[in-house]
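Both counts, for ligands and for their atoms, begin at 1 and track the order of listing.
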Amino acid sequence: MVTRRRFLYTAAAGAAVLSRVPGVRAATYDLIVRGGRVIDPSLSIDAVRDVAVAGGRIAAIEENIKADAAETIDARGKLVLPGLVDIHSHAARSKEGPPLALLDGVTAWLDAGSYGADNIDQGAAIAKGGPSLGRLLINIARTGITPNGELHDLSKVDVDLARGAIARNRDVVIGIKARLSNAVADINDLEALRRAQEAAAPFGLPVMIHIGQSYSPMRAILPLLKRGDIVTHVYAPAPNGILDDNGRIFPEVFAARRRGVLFDFGNGVVDHFNWDVVERSLKQGFAPDTFSTDWNTQSRTTGVIDFPNVMSKFLMFGMPLDQVIARATVNAARAFEAFSDRGTLNVGAPADIAVLELRDGSFEFLDNYKGTRTGHQRLFPVATVVGGKKAPERA
Ligand SMILES: [Zn+2]
């Protein structure tokens, strides 16, 4: 749990990098992505390279690969990244979710709490249905997410039922979700979190909490989190976000980060962030460890739009491109063991690749309060490779 959590803002990845799988001859590959600017923070690469794929895995990253391939993607003028890893999604709500997210470059996703013990099997079936790598956080409420708030009635927050559902779905359930905002939990926030930890403990799983507008303050919530747990909607506005009344980040927030609690962006639609909290937090040196969308099949028409759009919001705030990419690839992959071979183009890794375009221009971005800001660069999805195969392109 400890050693695999090496994040890019602390140190560049020092893993040995092979440029070619030993024994794979430069003859014919299944697929070559040619001529793109390859940016992979896990390998500290930012250079124009060809990426060759064979047998569903990355086979080579080199300049001007001479060999042929059954299929070619012309990526000249584009960015070639590891497939995006979205650790706060709701892609498992319908079978249309995963293929739709794939069009945006999302090759691995985590459905964060759509389902609870009563209905997790439905989500598990979608996660196992492909085409991308899908996993689930089980909601600590047996109902999963409900419109009126699933944690108002603590009789629905049943530790034994959650444990049973996890045991039945160990292959796809990789953690527990608890939504702690007032509208969902009211005065039950801390008790719901305690029960989530109790359910997680026998399996050694992380808990993801959703914060913002909670009954209890952050300084009461954060001590209940362990190393590897995740706080999503990190920039949720008051009451009870990460900022005090003077806009300063609570010391307990930095302390939680120091002991290994992770902080995730979680774009969402309503009440999860505003520009002011983002700006104040970034100025105090508190960037999210990971980016995520809180995506669902309706997100095209909200301020989420797609994962590359969410990433672009941080380009607007001046975060360097490779750091933006790290938070949507390697950092996200390292947050969960199940994604540990993703978020990288390292030779031998599963061949999940996102081809994006970085366009200059004037782009309007939206927070969750109808606040708009204008940025001058925007990432757009162009093509996706998943498991070594080219996915359909977005229309
Ligand atoms: Zn969510």
**OP:** Could you give me a count of protein N/O/S atoms that are under 2.8 Å from the Zn ion (ligand 1)?
**Re:** 3
**OP:** Might you point out which heavy atoms bring Pro82 and Gly343 nearest each other, and give the distance in Å?
**Re:**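 In terms of heavy atoms, the two residues are closest at CB-C, 3.4 Å.
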Subject >> Intermediate values then yes/no, salt bridge (charged side-chain N to carboxylate O under 4.0 Å, His left out), Asp50 and Arg34 >> reply: CA-CA 5 Å; Asp50 294 345; Arg34 287 200 185 273; 3.2 Å; yes
Subject >> Fellow cluster residues of Val48, listed by chain then number, with links counted only when side-chain atoms sit under 4.5 Å apart >> reply: none
Subject >> side chain to side chain donor-acceptor pair (under 3.5 Å) contacts in which one or both residues fall within residues 374-392, not counting sequence neighbours >> reply: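 Matches after skipping sequence neighbours: Asp306-Arg378, Asn309-Arg378, Asp360-Gln377, Lys390-Glu393.
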Subject >> Sequence neighbours excluded, every pair satisfying ring pair (Phe, Tyr, Trp, His ring centres under 6.0 Å) that has a member inside residues 216-238 >> reply: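 Listed once each, the pairs are His88-His233, His210-His233, His233-His272.
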Original post:
Does a side-chain N-to-carboxylate-O contact under 4.0 Å join Arg194 and Glu198?
Top reply: no
